[in-house]
Amino acid sequence: MTEYTSLEKIRLAKIEALRAEGIEPFPHRAERTHTSAQAIAAFEKVEKDTSQAAPAEVNAMLVGRLRAVRQMGKITFAHIEDGDGRIQLFLRANNLGEDKLDFFNRIFDLGDFIQATGFIFRTRTGEVTLHVQDFKMLAKAVSPLPAAKDETTEAGQVIRHAALEDADLRARQRYADLAVNPEVRQVFRTRAAILRALRQFLDERGFLEVETPILQPIYGGAAARPFVTHHNQLKQDLYLRISFELYLKRLLVGNLERVYEIGRDFRNEGVSYKHNPEFTQLEFYSAYADYLQVMELTEQMVAYVAEKVLGRCKVTYQGHELDFTPPWQRLEMRQGLKETAGIDIAAHPTAESLFAAIQKTGRMPDAQATRGKLIDFLVSEFLEPTLIQPTFLYDYPRDISPLSKSKPGDPLTVERFEAYVAGFELCNAFTELNDPLDQEQRFLEMGRDYKADDEEKHPMDEDYLRAMRYGMPPNGGFGMGVDRLIMLFTDKHSIRDVLLFPQLRSEE
RNA sequence: GGGCGCGUAGCUCAACGGUAGAGCAGUGGCCUUUUAAGCCAUUGGUUGAGAGUUCGAGCCUCUCCGCGCUCACCA
């Protein structure tokens, strides 16, 4: 049974009062002739038109949520907010009748949805306002919104008073956050625009958008722990995908030359300011391309999205001025580590030798780490923090890249790059391994096993190998955490701020 | 999981170990061009939960719960 606060009980009583007067507090239908912005624009257009002796009257029926009410005896001012913005309502006893004005003052609360009819005029202080001749309750708000009050200073600066700020509450009750913080709505409009621009860019270049299974019998394409579920009728465990990679590359075998997918990946790992258990991933694969071509496509794509969404290639992120204008800086991993860590990884072909070299720097890597993991450690310790401007870090160690093609003449290195921006990884791409024999060997090196009944071992994806054996064209592939791109373009430090409903511990 | 920090009215925040407060919201009243409207009055609290120290705990100690930041983990 819901427990109501004293504030809610007052509002519930108003619902009762409405019903007692034969008025439905939650009517089925609403009508509107203009949005708030349309009404203001229509009025301003008529106002500017000097061809008529007297400006034509602009009548409007508006809807929205009550966000401010100022009662002044025989008149009341209010503001409503709709999808387009805000507009002021003016209610006067002369025009409405005292009973009707009293009814408004008595029944309506902040947060209620209202439909108001009247004509548009400009108040003495110059605000375009609806002179209300009639109004109707559209939906009563039982609970008061976590109130935010705005103050517009003479400089035009908006100061929000008593805004909803508690980070947990804002994420948990995103509906309330959205209702009272307009800039949060803007973040999600930007998010939609970014997704639209990404699709547009890829569609224009002949990529086919596809959808592959979220429920997978064998997960792969990344190193992450999966979520496990179970299909009752098939009597089989299934995994929520951690990547789309292996399914998209099967499509290249099927002669679809350029494919992409935008969707959710699920990783059963720690939650942090840049990790959510489910997140939006973009992957594309392009037959006959290598990682250098994918690099060019990447910088073009991100710059395209920036231009489309923000109208510029320069972005301020957490105090950094980032410039996404191509070409981005290219940095060979070996060279970058020479410069920042003072270690030439090519001089250390074994984990033992590299481990000893790292120890001399005073850092303490995991003693069990493979050579690749040690290099990864060096990158995150020395290199990553220095990569603020968009940078392609390329040529990765082979043993941490089981799906990438080796670099000719360098068996320890693969043709792979990651783009770093503002110190974090934005995307990951490589010349894809298309040799089924090499691929099988790599899987075996990773500890994949043909005995699928062994709980500890990750089973071999035999179907993927079978697909490869039919022949996979040489191709370049790309994966990007879309949420991180959105963080960059909306200047948000936490992934939670760009997800409508981020993962949180359940209440109670 | 580790470290640091936070949790007080619907919202934003105060309160030296000594009577739990303010603004906004709410309620009642005045007010016919306001816009954080104003003025007068007023309601609202198991100070996250529990235990302890103390004459006395919002404050100190412990346990638990929740959250934030951060580190670790995350090819």
Side-chain angles (χ1 to χ4, degrees), chain A residues 4-11 13-14 67-79 86-96 98 101 106 109-111 121-127 129 131 141-153 158-172 176 180-181 220-225 242-243 245 267-277 279 366 369-373 375-377 379-380 396-404 414 416 418 425 428 430 442 445-446 479 481 493-494 496 504-508:
Chain A
Y4 291 103
T5 64
S6 60
L7 298 182
E8 288 166 335
K9 283 175 185 158
I10 289 162
R11 290 174 177 226
K14 293 182 182 183
R67 291 308 313 278
V69 175
R70 294 175 293 281
Q71 295 179 15
M72 305 184 61
K74 297 285 187 285
I75 61 171
T76 291
F77 286 94
H79 272 94
R86 288 189 180 202
I87 188 167
Q88 184 169 248
L89 305 184
F90 177 65
L91 300 92
R92 189 162 65 171
N94 303 25
N95 311 76
L96 278 169
E98 289 206 18
L101 181 63
R106 207 176 72 237
D109 291 297
L110 295 181
F121 75 114
R122 202 177 273 280
T123 63
R124 276 181 207 167
T125 53
E127 181 163 353
T129 298
H131 192 123
V142 174
S143 304
L145 285 169
K149 264 201 163 185
D150 298 342
E151 173 184 9
T152 308
T153 63
V158 176
I159 301 168
R160 185 152 313 126
H161 300 273
L164 179 62
E165 284 187 346
D166 183 271
D168 178 53
L169 200 63
R170 288 183 48 207
R172 222 174 260 289
V180 302
N181 292 324
R225 279 155 41 210
I242 57 171
S243 140
E245 173 148 6
R267 296 188 182 174
N268 207 338
E269 306 280 357
V271 178
S272 82
Y273 72 96
K274 51 183 177 178
H275 297 92
N276 194 64
F279 63 100
D366 178 4
T370 62
R371 178 173 180 275
K373 290 239 185 196
I375 292 172
D376 203 43
F377 173 81
V379 169
S380 54
Y396 273 65
R398 178 180 181 275
D399 73 78
I400 56 169
S401 314
L403 301 165
S404 312
V414 293
R416 170 179 172 192
E418 291 186 356
E425 177 196 339
N428 179 20
F430 28 90
R442 302 280 196 102
E445 283 170 21
M446 287 166 66
H493 170 70
S494 173
R496 246 191 356 230
L504 301 167
R505 200 181 299 275
S506 301
E507 292 180 83
E508 303 315 303

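Sequence lines set the chain letters: A, B, ... in the order given, protein chains first and strands last, and positions in each chain run from 1.
As judged by a 4.0 angstrom heavy-atom cut-off over every strand, A/T123 is placed among the base-contacting residues. At the heavy-atom level, A/P397 lies nowhere under 4.0 Å from the strands shown.
Applying the salt bridge (charged side-chain N to carboxylate O under 4.0 Å, His left out) criterion to A/R122, with sequence neighbours excluded, gives A/E44, A/E47. With sequence neighbours left out, the side-chain hydrogen bond (donor to acceptor under 3.5 Å, both in side chains) criterion links A/R106 to A/E21, A/D102. When the side chain to side chain contact (heavy atoms under 4.5 Å, CB included) test is applied to A/N428, the partners found at least two apart in sequence or on another chain are A/R416, A/E418, A/E425, A/F430. Listed by chain and number, the residues in a side-chain hydrogen bond (donor to acceptor under 3.5 Å, both in side chains) with A/E269 amount to none (sequence neighbours excluded). Partners of A/R398 under the side-chain hydrogen bond (donor to acceptor under 3.5 Å, both in side chains) rule, at least two apart in sequence or in another chain, are A/E445. The salt bridge (charged side-chain N to carboxylate O under 4.0 Å, His left out) search around A/K14 returns A/D109, not counting sequence neighbours. Remark: A/S6 pairs with no residue by the side-chain hydrogen bond (donor to acceptor under 3.5 Å, both in side chains) rule, at least two apart or across chains.
If you take CD1 on A/I87 and OG1 on A/T129, they are separated by 7.0 Å, rounding to the nearest 0.5 Å.
A donor-acceptor contact under 3.5 Å is formed by the side chain of A/Q88 with the base of B/rU34.
For B/rU42, the paired base is B/rG26 (Watson-Crick or G-U wobble, both distances below 3.5 Å). A 3.5 Å limit on both hydrogen-bonding distances identifies no Watson-Crick or G-U partner for B/rA14. Partner assigned to B/rU33 is none, using Watson-Crick or G-U wobble distances below 3.5 angstrom. Nucleotide B/rC6: paired with B/rG66 (Watson-Crick or G-U wobble, both distances less than 3.5 Å).
Checking B/rC74, B/rA37, B/rU33 against every side-chain atom of A/R70, the shortest atom distance belongs to B/rA37. Comparing B/rA75, B/rC73, B/rU33 by their nearest atom to the side chain of A/R124 picks out B/rU33.
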> Base, backbone or nothing for each nucleotide of nucleotides 25-32 of chain B, written B, S, -, heavy atoms under 4.0 angstrom, 5' to 3'?
Replying inline: SSS---BB
Below 3.5 Å is the cut-off: list the nitrogen or oxygen pairs between protein and nucleotides 67-69 of chain B, distance only.
| unit_1 | atom_1 | unit_2 | atom_2 | d |
| --- | --- | --- | --- | --- |
| B/rC67 | OP1 | A/R172 | NH2 | 3.4 |
| B/rC67 | OP2 | A/R505 | NE | 3.0 |
| B/rG68 | OP1 | A/R496 | NH1 | 2.5 |

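Atom CG in A/L91 sits roughly 14 Å away from atom P in B/rU33 (whole-Å rounding).
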